[in-house]
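Right, one structure below, let's go through it.
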There are 2 protein chains.
Amino acid sequence: MLKYEAIARDIQSSIEDGSLRPNERLPTVVELCEIYAVSKITVKRAMDWLTEAGLVTTRRGSGSYVKNSTGLVDDPLSVGVNDRAQGFTAEHADPAEKVSSMVYAFDIVIPSPEIARHLAIANDDFTYYHCRTRLVNNVPITIEYTHMPLDLIPGLKRRHVCASVYRYLQQGLGLKIASFHRAIRAVPADQIEAERLGIACNEPLLEFEQVGYLDSGVPFEYSISRNVGKRYTLHNITLA
Amino acid sequence: MLKYEAIARDIQSSIEDGSLRPNERLPTVVELCEIYAVSKITVKRAMDWLTEAGLVTTRRGSGSYVKNSTGLVDDPLSVGVNDRAQGFTAEHADPAEKVSSMVYAFDIVIPSPEIARHLAIANDDFTYYHCRTRLVNNVPITIEYTHMPLDLIPGLKRRHVCASVYRYLQQGLGLKIASFHRAIRAVPADQIEAERLGIACNEPLLEFEQVGYLDSGVPFEYSISRNVGKRYTLHNITLA
DNA sequence: AAGTGGTCTAGACCACTTC
DNA sequence: AAGTGGTCTAGACCACTTC
């Protein structure tokens with residue numbers, strides 16, 4: 001494990017088990033350098049990590065302090081702050097949560113010019129298109145409409161769509177998913193979505209319109225996913 | 001300006017004016033060190049900044065590449081990726097956007113135990129409470145329900161609530177707003193909200209339940225804000 | 001084998017607060 | 001004036017990819 005990460009996790013433990021209390025000042029950077037036998041820059045990275053995780057705050061000239069926070073954003077580090085980055089399957093890795101899918105469509109199509117633009121492909125390039133609901137313990141949580149460039153992803157089959165597409169990309173093809181750009185909105189469910197999600201027509205859905213990128217910078221996915229409002233909450237930590 | 005920030009902005013300019021094209025490899029880290037006459041760690045920080053802004057991606061052993069992205073998240077750096085961190089007024093600083101408020105309530109109250117817990121105050125501590133809609137060019141965008149600890153914020157008056165509370169905290173009291181923890185949901189508008197926002201009852205709202213923290217780690221705000229779904233989009237970049 | 005980005009050191013120097 | 005965190009250097013060493 002990286003040094004700064006080990007230090008960050010050690011301090012996190014001290015916060016969570018109460019040996020560092022809310023609003024308490026942490027040891028100074030120089031003291032932490034001595035405690036962990038590392039240089040200042042490594043301590044700084046550990047502090048940045050804890051800051052991004054929402055656990056501490058630092059004040060130049062003053063010190064670093066444990067944030068007095070109370071569970072609005074829970075367990076920020078175990079899964080990672082960025083919720084759906086690893087995909088729906090990874091997000092619900094808890095063995096008590098059984099993830100399943102209902103696939104309504106899986107085709108190869110010519111996407112709209114707007115989708116082609118988001119995927120940086122030509123207007124006559126094909127994409128895989130799939131529409132599916134994702135369920136946790138047989139309760140529908142989200143409905144997805146996804147396009148992926150055909151040329152980028154050889155061999156995608158319906159069985160992958162029924163299980164986990166991201167697992168096929170990463171473990172089957174060795175692709176590395178690096179980032180997502182998202183637009184997030186509240187929208188009403190249409191009649192078909194309402195039936196598929198087991199809710200009433202026009203009930204609020206939390207929509208993610210997103211483009212996913214590989215570590216090469218190439219877009220691999222354009223998708224719209226709509227999450228049942230009353231069954232899904234997104235958590236977020238923002239630094240000013 | 002900081003060196004890494006200057007370098008990042010310079011590379012950003014090269015990407016935006018097309019002298020660095022999508023999917024093109026950037027100069028190597030060592031080359032960038034020579035170009036800008038800085039050390040590796042400073043180049044690394046500039047690359048991290050560009051990565052967080054969604055403009056580039058880096059691959060160990062291979063190089064750094066311009067992301068082939070297309071406007072789903074627009075202008076990530078000018079205002080900052082993190083949208084509402086600076087408050088509604090700062091978010092709509094464009095002079096073509098006239099921000100106004102309609103204040104429905106401004107009182108000093110005893111909040112619910114749950115709100116007291118989020119604010120880390122005692123159950124018999126007072127808070128300011130205000131409810132207002134925020135409008136841009138006279139169109140209602142959001143309705144806010146906000147609690148702030150009385151003891152933390154001496155002298156808050158109705159005129160601040162009608163203008164910008166954050167400006168009073170920062171410029172009037174010298175407080176530094178450091179971070180927000182948020183839960184984000186899609187919820188239906190109730191009858192009163194619908195009237196105040198000029199929409200139909202049960203229309204989808206994008207809800208932010210959030211706790212704001214000062215740089216001391218002390219919570220200064222608990223608020224629920226509900227944004228008209230069809231008038232507001234949240235943008236977000238997530239790294240896997 | 002050669003080239004790439006990532007982590008880390010020991011320390012200089014700076015910006016900011018007053019523990 | 002003393003103490004704090006933040007930035008940056010020059011370079012060692014490492015992990016990973018193959019430009």
Side-chain angles (χ1 to χ4, degrees), chain A residues 1-11 20-52 55-67 170 173-176 178-179 214-218 239-240, chain B residues 1-9 11 20-21 23-52 55-67 170 173-176 178-179 214-218 239-240:
Chain A
M1 192 185 303
L2 298 170
K3 282 193 183 181
Y4 73 86
E5 189 179 346
I7 294 167
R9 286 189 188 279
D10 189 58
I11 294 172
L20 281 169
R21 305 185 68 80
N23 293 335
E24 186 172 335
R25 209 183 72 163
L26 298 175
T28 68
V29 171
V30 171
E31 286 168 346
L32 289 170
C33 288
E34 289 163 3
I35 291 169
Y36 293 106
V38 298
S39 65
K40 274 181 76 173
I41 232 167
T42 301
V43 167
K44 170 62 177 156
R45 290 175 87 138
M47 299 307 298
D48 284 348
W49 201 78
L50 290 163
T51 302
E52 282 161 32
L55 292 169
V56 308
T57 183
T58 64
R59 286 208 284 186
R60 190 190 194 101
S62 172
S64 302
Y65 301 85
V66 179
K67 267 166 88 169
Q170 294 172 318
L173 295 176
L175 299 176
K176 289 191 186 159
S179 62
L214 301 175
D215 70 344
S216 59
V218 172
L239 305 180
Chain B
M1 188 187 299
L2 298 171
K3 282 193 184 182
Y4 74 86
E5 190 179 344
I7 295 168
R9 287 191 189 278
I11 294 173
L20 281 169
R21 306 186 67 78
N23 292 335
E24 186 172 334
R25 209 183 72 163
L26 298 173
T28 68
V29 171
V30 172
E31 286 168 346
L32 289 169
C33 288
E34 291 164 3
I35 291 169
Y36 293 105
V38 297
S39 66
K40 274 181 75 173
I41 232 166
T42 302
V43 167
K44 171 63 177 155
R45 290 174 87 136
M47 298 307 300
D48 284 348
W49 201 77
L50 290 164
T51 301
E52 282 162 32
L55 292 169
V56 307
T57 183
T58 64
R59 287 208 284 184
R60 191 191 192 99
S62 171
S64 302
Y65 301 84
V66 179
K67 268 165 89 170
Q170 293 172 318
L173 295 176
L175 299 177
K176 288 191 186 159
S179 61
L214 300 176
D215 69 343
S216 59
V218 172
L239 305 180

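Hydrogens, waters and symmetry mates are skipped; everything else that's a heavy atom, side chains included, is used. Every chain is numbered from 1 and lettered A, B, ... according to where its sequence line falls, protein lines coming before strand lines.
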Without placing hydrogens or testing angles, list every side-chain donor-acceptor pair under 3.5 Å for residues 55-67 of chain B, not counting sequence neighbours.
unit_1: B/Thr57; atom_1: OG1; unit_2: A/Asp215; atom_2: O; d: 3.1
unit_1: B/Ser62; atom_1: OG; unit_2: B/Tyr65; atom_2: OH; d: 2.7
unit_1: B/Lys67; atom_1: NZ; unit_2: A/Ser179; atom_2: OG; d: 2.7
unit_1: B/Lys67; atom_1: NZ; unit_2: A/His181; atom_2: NE2; d: 2.9

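Scanning both residues, B/Ser39 and B/Cys33, for their nearest heavy atoms gives C-SG, 3.6 Å. What you find for B/Ala8 and B/Leu50 is that their closest heavy atoms are O-CD2, 3.5 Å.
Applying the salt bridge (charged side-chain N to carboxylate O under 4.0 Å, His left out) rule to B/Glu31 yields no partners; only residues at least two apart in sequence or on another chain are considered. Scanning for salt bridge (charged side-chain N to carboxylate O under 4.0 Å, His left out) contacts around A/Asp10 gives an empty result, with sequence neighbours left out.
The outermost nucleotides of DNA chain C lying under 4.0 Å from heavy atoms of chain B, listed 5' to 3', are C/dG3 to C/dT17.
If you find the closest nucleotide of DNA chain D to A/Val30 and to B/Tyr65, the one lying nearer the 5' end belongs to A/Val30. Comparing B/Thr58 and A/Val38 against DNA chain C, the residue whose closest nucleotide sits nearer the 5' end is B/Thr58. Of the two residues near DNA chain C, B/Thr28 and A/Glu5, the one whose nearest nucleotide lies more 5' is B/Thr28.
Using a 4.0 Å heavy-atom distance criterion, B/Ser62 is classed as a base contact. Residue B/Ile41 is classed as a base contact, given a heavy-atom separation below 4.0 Å to a base.
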Query - Residues B/Leu32, B/Val29; criterion side-chain contact (heavy atoms from CB on, under 4.5 Å); working and verdict - result: CA-CA 5 Å; B/Leu32 289 169; B/Val29 171; 5.6 Å; no
Requested in this report: Could you check B/Tyr36 against B/Ile11 for side-chain contact (heavy atoms from CB on, under 4.5 Å), going step by step and ending with a plain yes or no?
Outcome: CA-CA 11 Å; B/Tyr36 293 105; B/Ile11 294 173; 3.7 Å; yes
Requested in this report: For DNA chain D, just give me the dot-bracket, please: Watson-Crick or G-U, both distances below 3.5 Å, ( ) intra-strand, [ ] crossing earlier pairs, | paired with another strand, . unpaired.
Outcome: ||||||||||||||||||.
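Sorted by first then second residue, the salt bridge (charged side-chain N to carboxylate O under 4.0 Å, His left out) pairs that include residues 36-48 of chain B, not counting sequence neighbours, are B/Lys44-B/Asp48.
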